2 protein chains.
Amino acid sequence: MTEKQRKILDTALELFALEGYNSISTKKIAQGAGVSEGLIFKHFGSKEGLLDYLVEEGVELMNRELDTLMQISDASERLRATLRFPKTIIDRNPAYWKVQISIKFANHEIKEKYHNSSFMGKAMGILNDTFDELNFENPQMETQLLMQIIGSFFMALVNDEIENYDEMLSFLEKKYNLK
Amino acid sequence: MTEKQRKILDTALELFALEGYNSISTKKIAQGAGVSEGLIFKHFGSKEGLLDYLVEEGVELMNRELDTLMQISDASERLRATLRFPKTIIDRNPAYWKVQISIKFANHEIKEKYHNSSFMGKAMGILNDTFDELNFENPQMETQLLMQIIGSFFMALVNDEIENYDEMLSFLEKKYNLK
DNA sequence: TATTTTTGTAAGTGATTACTCACTTTTATT
DNA sequence: AATAAAAGTGAGTAATCACTTACAAAAATA
């Protein structure tokens with residue numbers, strides 16, 4: 001990866017996160033990265049190719065975070081970490097997740113393309129095992145519900161729409177018998 | 001309201017819901033409605049003016065739905081209806097809510113403009129009163145959590161990403177001691 | 001019926017879009 | 001050192017965008 005190639009990616013990620021994929025032109029990216037517009041297409045083929053690359057990086061990042069979550073041996077501790085998961089990873093790399101979420105509601109073709117979200121299955125697997133270990137009555141439904149809750153916190157945090165997240169966390173921990 | 005005026009609104013609503021506000025050009029709307037493109041600007045001033053009108057209609061629709069929810073006297077029954085709320089109103093008018101949700105993740109300026117979502121406060125008020133009446137330990141946090149859950153179901157339903165909604169509903173009803 | 005106002009159209013406008021192409025400079029290979 | 005390949009540029013391209021304007025038909029008002 002060239003220095004300018006990385007610069008293009010970093011600039012695009014930053015701008016996509018700030019204003020959304022559709023609102024950012026390749027011209028703006030080129031200006032921000034200090035390169036010619038043509039170079040973007042030399043390296044990434046198209047604007048969407050650029051997005052592909054960033055999404056791929058995001059998926060890898062997410063998979064790594066999920067692996068560390070999976071490695072927590074104590075089930076209660078793992079569930080606690082799962083509740084804190086959205087905040088943890090957003091604090092670490094906000095831009096990637098802003099882009100990932102904005103895609104879900106962007107252009108229709110683009111939405112279709114990235115729909116499968118490979119890591120969702122992995123996350124559900126972890127959660128299902130955890131509820132199983134903790135002898136919850138209906139692990140599958142517990143998993144589905146908590147996935148929805150975590151997803152909504154994810155979005156709320158990314159859009160800065162939540163203020164008392166810590167209070168909500170301890171409220172949830174009580175609900176899940178973790179304190 | 002002229003016949004063609006209504007036709008423009010209906011076409012725009014349908015197309016915005018299908019492919020998102022940003023992806024639909026005024027030309028496409030005019031073609032779909034069978035009118036000249038200029039007429040859109042005569043009646044609504046701008047493309048955004050057209051969106052304003054549709055959003056306003058959606059807000060009124062939502063307020064009416066919330067009013068009927070509020071009129072349920074029995075608190076348990078009201079909570080039950082609240083859980084079913086997303087499905088109820090999406091079945092009735094899917095297009096409006098697809099547009100409302102897509103806006104939240106569209107263009108940055110547009111997102112800012114419609115951010116306040118006047119009916120959210122109303123919905124929270126209803127829910128808070130309900131949890132109060134039912135003597136839940138922490139009505140405020142219960143409200144906040146259920147608002148998140150309902151919001152996520154709202155989005156999942158609009159995007160056809162949920163299959164066992166009924167099962168999820170009875171699971172939730174158990175959690176809230178409604179059966 | 002005459003006049004004004006509203007509704008509607010068709011053919012534009014400049015700006016912006018993603019992308020291409022001919023070309024030069026730099027780096028790697030033999 | 002000679003040659004090939006890759007990196008990079010800058011000035012284009014056609015298409016599309018939201019929107020305007022000059023004008024005609026229809027409806028409302030007088």
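Just so you know, these numbers use all the heavy atoms, side chains as well, and skip hydrogens, waters and symmetry mates. These numbers come from a predicted model, not from an experiment. Convention: sequence-line order gives letters A, B, ...; per-chain numbering from 1.
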Using whole Å, what does the distance between atom [atom2] of nucleotide [N] and atom [atom1] of [X] come to?
X     : N      : atom1 : atom2 : value
B:E37 : D:dA22 : CD    : P     : 18 Å
B:F44 : D:dA18 : CZ    : P     : 15 Å
A:E48 : C:dC19 : CD    : P     : 8 Å
B:I29 : D:dC19 : CD1   : C1'   : 13 Å
A:I24 : C:dC19 : CD1   : C1'   : 18 Å
A:M1  : D:dA6  : CE    : P     : 16 Å
B:L39 : D:dC19 : CG    : P     : 15 Å
A:N22 : D:dT16 : CG    : P     : 16 Å

Task: Crowding at NZ, B:K87 (>12 non-hydrogen neighbours, <6.0 Å) - done: no

TODO: Answer whether the closest heavy-atom distance between the side chains of B:I72 and B:R80 falls below 4.5 Å.
DONE: no

[N] phosphate, OP1 or OP2: any side-chain N/O from [X] under 4.0 angstrom?
X     : N      : answer
B:K47 : D:dA18 : yes
B:S25 : D:dC17 : yes
B:T26 : D:dA18 : yes
B:H43 : C:dT6  : no
A:K42 : C:dC19 : no

- [ ] When you get a sec, tell me which of C:dT20, D:dC19, D:dT9 is the closest nucleotide to the side chain of A:F41?
- [x] C:dT20

Open item on the list: From C-beta outward on A:S36, which listed nucleotide comes closest to its side chain: D:dT9, C:dG8, D:dC19?
Closed with: D:dT9

Do any N or O atoms from the side chain of [X] and from the backbone of [Y] form a donor-acceptor pair under 3.5 angstrom?
X      : Y      : value
B:D74  : B:E77  : yes
B:N159 : B:M155 : yes
A:T2   : A:Q5   : no

Task: salt bridge (charged side-chain N to carboxylate O under 4.0 Å, His left out) contacts touching residues 41-64 of chain A (sequence neighbours left out) - done: A:R6-A:E57, A:E48-A:K113, A:D52-A:K113

Open item on the list: Under 4.5 Å between side-chain heavy atoms, counting indirect links through other Ile/Leu/Val/Met/Phe/Trp/Tyr residues: same cluster for B:L157 and B:L18 or not?
Closed with: no

Open item on the list: Taking the axis from the first five pairs and the axis from the last five, what angle separates them in the helix from C:dT1-D:dA30 to C:dT30-D:dA1, rounded to 10 degrees?
Closed with: 10°

Open item on the list: Under 4.0 Å, heavy atoms only, any strand: does A:I8 hit a base, just the sugar-phosphate, or nothing?
Closed with: nothing

